[in-house]
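Worksheet for the structure shown next.
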Amino acid sequence: MNSGVIAAYILKEFKELLRSRMIAIVYILPTMIIILFGYGIRMEVTHARTLIIDNDRSKISQDLTVRFQNSKYFDTKVVTGITLKEALESIKRAKTDILIIIPDRFEKELLKREKPEIAVFVDGAFPVRASTMENYVKGVIFDAASTILKEKPKNLVTINNRNLFNQPMRDEDAIVPGLIGLILLVAPAILSALLIVKEKEEGTIFNFYSSAVSRGEFILAKIVPVFILHSINIFILFLWATWLFEVPFRGSFTLYWLSSELYILTSIGIGLLVSVITRSQIVAIVLTIIITIIPGFLYSGMLMPISSMSGESKIEAHIYPVMYYNHIIYDTFLIGQGLDSPKNRLYLVILLFYALFMLLLGSRLVKKETG
Amino acid sequence: MADLELKKITVTHKRVVAIKDASLRAQEGEIVGFIGADGAGKSSLMHAVAGVASFEGEVVFKGRTFRSPKEAEPLKPLIGLMPQGIGLVLYKNLTVDEHLTFFTKIRNIPESPSLREYRQRLLEMAGLSPFTDRPAGKLSGGMKQKLSLICTLIHRPKLLILDEPTTGVDPLSRLELWDILDEIRKSEGTIALVSTAYMEEAAKMDRVYLFDSGEIIASGTASELLEKVAEYSYEPTPCTTRRCITTMDYTYSIDPLDAPRKTPTLEALFFINALREGQQIPHIEISDRENKIAVPPVVMEAKGLTKRFGDFVADDHIDMQLRGGEILGLLGANGAGKTTFIKMLLGLYPIDEGELTLLGKPIKSAKERRELKASIGYVSQQFSLYKDMTVRENLHYFASMHALDIGKAQERISRYAKELGFEKYMDELPSDLPLGINQRFSVAAALLHEPVVLFLDEPTSGVDAIARSQFWQMITLLKKKWGISILITTHYMSEAEYCDRIVLLKEGKKVADDSVENLYKKFPKAKSFEEIFLHYYEDRI
């Protein structure tokens, strides 16, 4: 290893990145992903367009409709004298999300303990959204029932629900840390693959082939710039998460930073492997995106917790490094157990091995000859 | 003992043998030439010797032997390789100066006064000292090649391997490259292996090796090689036997011919070898065009045509006329503005200043130009073929672009394929074919709509001698049978002599516009057109 050779190569990489303006992509892409996905993925439902047909017009029914009207989750319109057919047509035309029909004699039956029925129709085009809306409606009705009927039914259990770690149930808190795991898997891999494949495509790779520059020197010279540039992204992404999306940070910053660096190295290793098998930059980009974005998204724990996966998907989740990194990241943001948790310690070691393995494999396979 | 010895080298690419059992010897200070068609195995052998490709056999250099790229590693400080392709090893965003520094550093050469002196000497030899701050991407083709060469020389290699360093380079830059090479081998005792498509260059080398389909089939000094073919070379005469071929300037025949002999050039090697092997060199024909039209006396007239890129003037007030039924050769060094001029004619670049009249119509708007598209054929430097489509599919695609009736297209495509001799390649991909075939079918694509004028931008660069000779037969036949006008750029000065008239550009300005005969009259001392060209470019010779 000759430091002068490596330094000359690294200097060249930086000059090229700056002059070709590729540097912009290094910093714009991660920020773009976190902003697009951070605002774009929404699990909770607010302002569901709700149509209430109050056929009773009693005190209790009005009390119930007011509760809907006062909730941020519903945009409520109370109507009378509309047929069921017309109301359902309004759901069909996607003008209404929820239809609630309060029968006449509702108050009377309720006071007589006759178990009146309220009809609720929910637009089920998006099942997840539909079940969320359904639960909201149930919640409002049960809540109303328990306050309006001062004497509580004997067998009614009150659930004192408290969501740990994400008490306000904010989507940002659940998604943004996972996005960091996605971005830091995709972006360094693309850049490291490009830095080598670009030389292959343009022919400058011959300078490495035909000189005494060793494989180790060449690979190090390609890894170091990507590592340095993306290390800065660790901090930028942290700022976006805590400042723009106001995600709390309860754990150790050192742990966040250290595991992110190891994770970047893993990603660079993936890029090296891609550069071994591709010859053109466009193929390298597409291939890297396919093998990083899909697992980075599916097994990030953003959409579905790994612990609730089973069979093949569970095995796949354990193969990709995303799971281990995201476990640590979610801990540092939302929980804060840090290295006290044996699982975090284990996962950190796994990340370390992952990084070493990928880099070693990648650099073993890079050849110093044509063909 | 020889300083460099290659013993039975075989290189295989994906189970296809690229070069088989190649052996050669060279002494210190010698220039060894490799000639042969593309795909003959020259590059593969060079890659093997440079230690960048796996091979069988062994290379002995300076008493040390290697059999694989790995074993070659300790010798790499002594070897310099410049692979094929203009400016291939250059980083387009790095300046001339940064390149030299980068190559010095990766070759691990310590700073020293002698290095600085050597570096300055290289810059001056290459004529690049005024341009040290210019990014490589903004250099002309000739300058790129000179920069590549001095970057390859910065570590004073004892074995220099240059793969077609002069292909696509103008005559002046070629001479300069050659001067650098000649001086270095004398002062440093470097062995140089150089492949070339220019036979004038091969004639200057100490030994020449002729490659053909993966084998070295002849070797010797240029005069030894010429002696072997002299008896088969005649003044152009119609062929009577099968083992005979007539080109623009010669007739080559294995069987004795009743015609005066003519002193051959090294190009004769290719033809005679092909004849000996019984290769079928397709005979080029052109039948009359289907739609007869009257070609106007002046096809294109440019008045003060100017193109600027920022503060760089690529074409500076150029007046030019292309007459009906003439072949006009547009010559000039790399970066003189030839391609830019053709692109202005085609409307690929907007015209900054000046007037252009095509086929009698002044061109002002894109609409006027669109109406003329049906009368113009164009073949670009890179041939613009679709690599993932077969020759047939490419041709059908171009036919439908010109809205040609399918039946008519089918008929024309098969006729051209037959006449231009690429019939048997119709269902292959362009990337698997020799350059010469791609070139002919590119021209066929430009002829499908039977244009009145044809613009050809460096159609012969990198194409082998036989294909070039067939190309010129095709062009002259087109002129004779179709009466169309052809504007062509080339770096082969011998080809300039086949043109009716020559326009010479220099740094964006027109410096000569005359017929070949008149130019010879103007420079009575010139032995070849190359000398005339150089006269305009510099006061050398």
Side-chain angles (χ1 to χ4, degrees), chain A residues 1-25 194-222 224-225 277 279-283 364-371, chain B residues 11-14 18 43-44 46-55 68-70 72-95 98-99 101-111 135-137 148 151-152 154-155 157 159-161 163:
Chain A
M1 289 273 177
N2 183 304
S3 57
V5 173
I6 300 172
Y9 249 109
I10 292 177
L11 184 67
K12 184 220 80 178
E13 300 301 345
F14 275 118
K15 278 181 183 162
E16 281 201 297
L17 281 170
L18 280 173
R19 292 181 195 169
S20 65
R21 307 215 163 62
M22 194 132 101
I23 193 86
I25 296 168
L194 276 188
L195 285 193
I196 296 182
V197 176
K198 186 166 177 268
E199 296 225 22
K200 269 191 179 176
E201 189 176 303
E202 288 175 359
T204 46
I205 191 90
F206 273 103
N207 296 333
F208 160 54
Y209 290 160
S210 64
S211 64
V213 174
S214 74
R215 264 185 359 178
E217 287 164 345
F218 180 73
I219 290 165
L220 207 61
K222 291 288 175 185
V224 170
I277 52 171
R279 282 158 187 275
S280 73
Q281 299 185 64
I282 188 76
V283 175
R364 278 287 115 197
L365 293 176
V366 170
K367 277 201 185 131
K368 204 188 163 178
E369 58 183 270
T370 61
Chain B
V11 180
T12 317
H13 280 307
K14 291 178 186 150
S43 295
S44 298
M46 291 190 149
H47 288 176
V49 183
V52 300
S54 303
F55 61 92
S68 68
K70 206 167 189 158
E73 208 62 12
L75 282 165
K76 285 198 177 160
L78 299 176
I79 303 176
L81 167 70
M82 187 171 146
Q84 186 180 357
I86 289 191
L88 192 82
V89 297
L90 305 179
Y91 303 93
K92 61 176 185 292
N93 291 314
L94 260 54
T95 65
E98 285 167 338
H99 271 98
T101 309
F102 174 69
F103 280 87
T104 312
K105 289 269 166 56
I106 66 161
R107 289 294 186 168
N108 205 11
I109 309 164
E111 269 305 318
S148 302
C151 285
T152 314
I154 195 84
H155 62 291
L159 174 58
L160 187 59
I161 300 161
D163 197 356

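Letters A, B, ... mirror the listed sequences (proteins, then strands); counts begin at 1.
- The contact list for residues 79-87 of chain B toward chain A, using heavy atoms and a distance under 4.5 Å, reads B:Ile79, B:Leu81, B:Pro83 by residue number.
- Ranked by non-hydrogen atom pairs under 4.5 Å with chain B, the options A:Ser210, A:Ala8, A:Gly4 are led by A:Ser210.
- Heavy atoms closer than 4.5 Å to chain B are found in both the backbone and the side chain of A:Tyr9.
- Top candidate by heavy-atom pairs under 4.5 Å with chain A, chosen from B:Pro77, B:Pro74, B:Pro69, is B:Pro69.
- For the set B:Lys70, B:Lys105, B:Glu98, the entry with the most heavy-atom pairs within less than 4.5 Å of chain A is B:Glu98.
- Summarising the geometry, atom CG belonging to A:Asn2 is positioned 11.5 Å from atom CD1 belonging to B:Ile106; distances are rounded to the nearest 0.5 Å.
- Across A:Lys15, A:Glu16, A:Glu199, a single residue satisfies side chain to side chain donor-acceptor pair (under 3.5 Å) together with B:Tyr91, and that is A:Glu199.
- Closest approach of B:Thr95 and A:Arg19 over heavy atoms only: N-NH1, 4.1 Å.
- Contact count versus chain A (heavy atoms, under 4.5 Å) is highest, among B:Thr101, B:Leu90, B:Asn93, B:Thr104, for B:Asn93.
- Chain A forms more heavy-atom pairs under 4.5 Å with one residue of B:Leu75, B:Val89, B:Leu94 than with any other, namely B:Val89.
- Two residues are said to be in side-chain contact when any heavy atoms from C-beta on lie closer than 4.5 Å; B:Lys76 and A:Ser211 fail this criterion.
- A distance of 9.5 Å separates CG in A:Leu11 from CZ in B:Phe102, rounded to the nearest 0.5 Å.
- By the 4.5 Å heavy-atom criterion applied to side chains, A:Glu202 and B:Lys92 are counted as neighbours.
- In terms of heavy-atom pairs under 4.5 angstrom with chain A, the leader among B:Gly51, B:Ser54, B:Ala50 is B:Ser54.
- Electrostatic pairing of B:Glu73 and A:Arg215 does not count as a salt bridge here, judged by no charged N lying under 4.0 Å from a carboxylate O.
- There is no contact between B:Ile161 and chain A, counting heavy-atom distances below 4.5 Å.
- For the atom pair A:Phe206 CZ and B:Thr152 OG1, the distance stands at 12.0 Å (nearest 0.5 Å).
- By number of non-hydrogen pairs under 4.5 angstrom with chain A, the leading residue of B:His155, B:His47, B:Arg107 is B:Arg107.
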